[in-house]
Amino acid sequence: MLISALSIAGGVMLLLGLLLAAVLAIANKKLYVYEDPRIDEVEAQLPSANCGACGFAGCRAFAEAVIRGEAAPGQCTASSADTVESIAAYLGVDAGVGEKRVARLACSGGDNVARRFAHYEGRYSCRAASLVAGGGKHCTFGCIGYGDCVAVCPFDALHMNEHMLPVVDEAKCTACGNCVVECPKHLFSIHPISHQLWVSCSTRLRGKDAKAACAVACIGCGLCAKAAPEAVSMDGNLPVVDYGKNEFAVREAIENCPSGAILWVERDGRRVLGVKAAAALEKVLNPPEAPLKKTSASEAEQKSEVSG
Amino acid sequence: MKSYVNSFPHGVHPPDCKYTADAVIETLPLPPEVTILLSQHIGAPAKALVAKKSKVMRGEPIAEAVGFVSVPMHAPIAGTVTAVDYALNPRGEMAQAIKIKIDPDADQEEIYGTPRDLASLTPDELIRAVQETGTVGLGGAAFPTHVKMKPPAGKSVDTLIVNGCECEPYLTTDFRIMVEESDKIITGIQLVMEAMGAKEAFIAIENNKPEALESMAKAIPAGAPISVRSLMTKYPQGAEKMLSRAVLHKDVPSGGLPSDIGVGCFNVATLLQLGQLLPKGQGLIERVITVSGGGVERPGNYRIPLGTPIRYIMEQVGIRPEARKIISGGPMMGMSLSSQDIPLTKGMSGLLVLTEEEMRDGGGTVYPCIKCARCVDACPIFLNPSLLGLLARKARYEEMAEEHHLNDCFECGCCTYVCPSNIPLVQYFRIAKAMNREREAAK
Amino acid sequence: MSTEARPLIIGSSPHIRVKQSVPDIMFHVALALLPVAAFAVWSFGLSALLLLLTTTAACVATEHTACLIARRSTTIRDWSVVVTGLILGLTLPPSTPLWMAVLGSIFGVSVTKSLFGGLGYNCFNPALVGRAFLQIAFPIPLTTWTPPDLPGRFSSLLPTTLTFPFLRADTAALADYIRTALASGGVDGWSGATPLSMWKFAEVPQFESLPRLFLGSIAGSTGETATWLIILCGLYLIARNMMNWRIPAGMLLGAFLLSGAFWLSDKTHYPSPMFMLFSGGLMFGALFMASDMVASPMTSAGVWIYGFFIGMVTVIIRIFGALPEGVMFAILLGNAVSPLITSATQPRTYGLVRQKRWIKQ
Amino acid sequence: MSMEKKGPSSWDVFFAGFWRDNPVFVMLLGTCPTLAVTNSVINCFAMGVSTLFVLVMSGILISMLRNFIPKQVRIASFIVVIATFVTIVDYLIQSISLDLYDSLGAFIQLIVVNCIILGRAEAFASRNGVMRSVLDAIGMGIGFTIALLCLGVVREVLGNGTLLMNTPYEISLFGPRFEPWSVMILPPGGFFVLGVELLFFNWWRKRKEARALAQAKA
């Protein structure tokens, strides 16, 4: 009884086993695909943010490119230096770490210095507002201040300050470029942190017109270009820094700026104004002898605006 | 089966608010200064021909067309050019503009122009003459008229639809000119028919304007292949696509132009200007606009030089302190203006000054879509605005364009008008289109 | 004059809107339900009043609590949950124990509405889901009926109404109470059946007279008896453009045609189409439940199909199913297929040739 | 599953299945028996114990054989091992109580294809030693049983007003006048209760994670 049960069970299983083993052997031969196991290892170390800053479609695509030797681990700007080192060491390749790059905003016109002359109603988004009569800010080139860039930053590196102007946290910024794409006024760009001389204004207006819109607008006086002639030139009415000659982009260039449109970005991300600009700005923000400073200031502006 | 005789299916019936229908067209005094934006039309901006301090006479060309899809600009007042630089345009951008200060001694009556014998011109010469007048679609689109008159190669236009519907609430300019200047409109129609080789023309007018119907019918010379069609009063009856459906029962193909079905569509105001300017060889320097809304003290229809700052117009007609919003165009499709410094442009058919009470837009709480399908039943293009709105909120813009025909939407605003949840659908679609355009440009 | 004193407002077109907003619509639906509710109270007395108040309060409380848990601002002010509560109350038998009504309210609103994201996201009608849950959970109390216009209905409650939570509804006591009350009014004998169950379960099918069905002097759920009043209230909503008339029209047409076909085949066995339309919850379902905007298709053609489908399924369940009534399940089935119907009946975009949808996929 | 070089302690391995990696509430495995047999407590218990037995036995055998089974045919081998033990359990329950056997229906046989067992064999037993595999199997088995009981208790209490019905230890909780919620005994009840419990467990887990994160930040 036991013997027969055993032999039946064993026999059936054996036969089945043999038959299926043959099928498996064929399948193994025909369908085998080799995938480099190192791809998984590299991908596991990447931050999985899929931010696209490296130029590839997500972290896995980047890992594949690194394995193929088409990309250097350092191209992942979202990884910490340790991670990049570790990937490079694992693969035995050069880390290819470049200089840290960050997003910079070419506008300083927060609500404290730049006027809004129309009140936008509707969806709270820069993109939406920019399509409705430009967003209602007097300076039509500057930041609208509804924080679309903050919403798309995957690294929590952008925050709105109390004047509705985004501030880049350069320690967290990985230069992924999402804000560059998102900003409807195209105010962001990616720069190495060694680009310290920074034109923080995008207006095309000149002199009085620019000043009427925003206290920190570039008035196109060209004093910065005079102070650092090798690196700074005037294009229309805005100074342009030639970062190819970054060694000539000296700090002296900001000292004579009357409005603070050109400034100096410290390596830790602090923005420094020239002495003259700081004094001028101080006067705008805290006008002397004016307890009712808000209304009198805006009235004065209106009068000048009407007569001009 | 309901057949849509003299109309199109779907659409909405906003309150018509045509308070200024009986106001005879008045001419406003000339403004002390004008600002001529160099891009008041669709296409390449014009190039300035004058420099600071040049003296110009009234009607003199001050900017020339750049290429075919572009029109020249003419000085609306005699005076001195004070600047050629930037000015705020209705879209809220800084754009190139010429500023002219009036010369108190100059003759403002004489208008620059060389009369010509139109009968001797070939169609192509006629079209060039149209370009020289600087005429663009005065209904609001501001598309250069001469470009419309020259259909793409291989296509011809045999039917002209003259758009006198003026389906937007408040606006009465087209109505007034049809009542007051029907003869010149007919002249314009005949000129355009000649230039395009069209065999017949229909003047489409909504049936809430019996006076206009009557006046136009009277002005048609005996035997001319022009007839008046009375259409159902419904918004957006005045859109090209709706007109071709209402008048000819034909659809303009998706992504195509009316010329694809042999139709040309022109606004009465545009034709009036052609009828007036072409024989004298003058340029477009003024237009009739409706100034209306609860924020205006003397609403009416006014003939105003182009480039007049809105602030000046408002001073003339009186603006009430309750005014909260200034709209260029009608309340359904018009643009809200951010500043009174913006000058009058060729595409502005009206200025509405609305009070808080009249607007009731956007201010309401936005509720979730309850799928009431009112937008689906209102969309004259037969899209599904509710679905498009959901996709837009998820930023699936490409899918909207590729699978759900976003680009057929012409932003008439019907869906947003009827939405009980106050969802800003049209705004979503504009954002989606802008994003798609940007993505295309990046490629 | 300083015109810059107040900044201009800028916004996207259109700059004018219709004045009817979501709360307005929901408020008017609730308003239209009030006469039906009043008739229910008139027919079934204090118990019905208590039942309606309980379901409404329980639904509102559930929604409010759900909003609190989800840390959202409360959405009870848009009136939609009041409508849900009223409809649930109106679809329950008058003798439903209140604890069951509360349970159904909580289940319907929380599972169907709150969990899916609130108003606009529910794929089923919350009131119907609550009712369906109760029907499956407690089949006996939910099919125990009370005759209308009982003497003494305004002075005492039905014995089952105040059953202690989780305990069995005492249907025997209810039957005794009804018999006594009827006897005091000089009537004896009460079969305990609705017109539909009298037709379906009686040995020889019995057909209630149409006038009685129409005027509502029959047994049934609190709100479904007065056909004439339901039609009037529905017409009010249709006139105010707050209901898509195609849904009830399609549903009544579907039920009429299919039941008409059966009736023509055997007049002794199958009821007349008018009986079908006026009996049970069909009229109430057509005008107030199937027409729920959120759970119905969005295209005009789709809405016809949807209504027609529900009407036919109702008749099929009534004739072939185990239950005498089929409106509830038919509508839930309709809700389930409505997204499919919407996507299959997308209108042809202006200027485009109709896509061959099925081939494409 | 954390499969680092060091690996979790034996204690972690044992407790993971209870809560952190609970097969039903976290990994959502084995929902078929979860929904099907949980209408009474005794069913849950029998199902849970059977699964536990199969898990442990197959875990032992597979971890013992793990170095002999070639990678290519591992799934087939696991299934053979699992099927053997399932057949044993099948016989066992039949011999203990035929009523129970009938009420569990096909679901005992279906343990063969229960993803929890194959999943643990693949993910754990085939990569770990016997001792750890047994700990993991017991942990997962108990976790599964707990999850089933969580559903079963709710469904039986609401659906019948009792605990341990169909056993000599039946307890009536509400007395004879209880109104049973028949929907709870029916299949829809299984879905409702599982849904609500998943909601609850996930909400709790998320809250705990959020608190841990807040603490780490502070």
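By convention in this document, chain letters (A, B, ...) are assigned in the order of the sequence lines, proteins followed by strands, and residues within each chain are numbered from 1. For clarity, every value in this text was computed on a predicted model and none was experimentally measured.
- Residues B/Gly413 and C/Pro14 come closest through the heavy atom pair O-CG, 3.5 Å.
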Criterion side chain to side chain contact (heavy atoms under 4.5 Å, CB included) on C/Gln346 and B/Phe382, from CA distance to verdict
CA-CA 9 Å; C/Gln346 286 296 318; B/Phe382 287 78; over 6 Å; no
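- Two residues are said to be in side-chain contact when any heavy atoms from C-beta on lie closer than 4.5 Å; C/Ile16 and B/Glu358 fail this criterion.
- The distance from the OG1 atom of C/Thr349 to the CD1 atom of B/Ile381 is 8.5 Å, given to the nearest 0.5 Å.
- In terms of non-hydrogen atom pairs under 4.5 Å with chain C, the most contact-rich of B/Thr416, B/Val376, B/Val418, B/Asp260 is B/Thr416.
- B/Pro169 touches chain C through its side chain: at least one heavy atom from C-beta onward sits under 4.5 Å away, while N, CA, C and O do not.
- Within the 4.5 angstrom heavy-atom criterion, only backbone atoms of B/Leu337 (N, CA, C, O) approach chain C.
- Proximity to chain B among residues 21-30 of chain C is limited to C/Ser21, C/Val22, C/Pro23, C/Ile25, C/Met26, judged by heavy-atom separations below 4.5 angstrom.
- B/Pro14 touches chain C through its side chain: at least one heavy atom from C-beta onward sits under 4.5 Å away, while N, CA, C and O do not.
- Not a single donor-acceptor pair under 3.5 Å links the side chain of C/His15 to the backbone N or O of B/Ile327.
- Minimum interatomic distance between C/Arg17 and B/Ile423 (heavy atoms only, all atoms of both residues): NH2-O, 4.1 Å.
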Trace of the side chain to side chain contact (heavy atoms under 4.5 Å, CB included) decision for B/Met332 with C/Ser13:
CA-CA 6 Å; B/Met332 295 296 284; C/Ser13 69; over 6 Å; no
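- When atom types are taken as modelled, the side chain of C/Tyr350 and the backbone of B/Val252 share a donor-acceptor pair closer than 3.5 angstrom.
- You'll find the side chain of C/Gln20 reaches within 4.5 Å of the side chain of B/Arg374, heavy atoms only.
- Heavy-atom neighbours of chain B within the stretch residues 69-87 of chain C, taken at a separation under 4.5 angstrom, comprise C/Asp78.
- Distance check: B/Asp377 CG to C/Asn241 CG gives 9.0 Å after rounding to the nearest 0.5 Å.
- The pair B/Asp251-C/Arg348 meets the salt-bridge criterion, with a side-chain N (NZ, NE, NH1 or NH2) lying under 4.0 Å from an Asp/Glu carboxylate O.
- With no hydrogens or angles considered, a side-chain donor-acceptor pair links C/Ser12 and B/Arg430 at under 3.5 Å.
- When the candidates B/Lys250, B/Arg324, B/Lys241, B/Gln427 are compared by the number of heavy-atom contacts under 4.5 Å with chain C, B/Arg324 comes out ahead.
- Of the possible polar contacts, none joining the B/Lys325 side chain to the C/Ile10 backbone as a donor-acceptor pair under 3.5 Å is found.
- Between B/Cys372 atom SG and C/Asn244 atom CG the span is 9.5 Å, to the nearest 0.5 Å.
- Separating the CE atom in C/Met293 from the NZ atom in B/Lys371 is a distance of 12.5 Å, to the nearest 0.5 Å.
- Of all the listed residues (B/Ser338, B/Gly330, B/Pro424), the one sharing the greatest number of non-hydrogen pairs under 4.5 Å with chain C is B/Ser338.
- Within the model, atoms CG of C/Leu8 and CD1 of B/Ile326 stand 5.0 Å from one another, a figure rounded to the nearest 0.5 Å.
- For chain C, the option among B/Pro331, B/Cys414, B/Pro368 with the highest count of heavy-atom pairs below 4.5 Å is B/Pro331.
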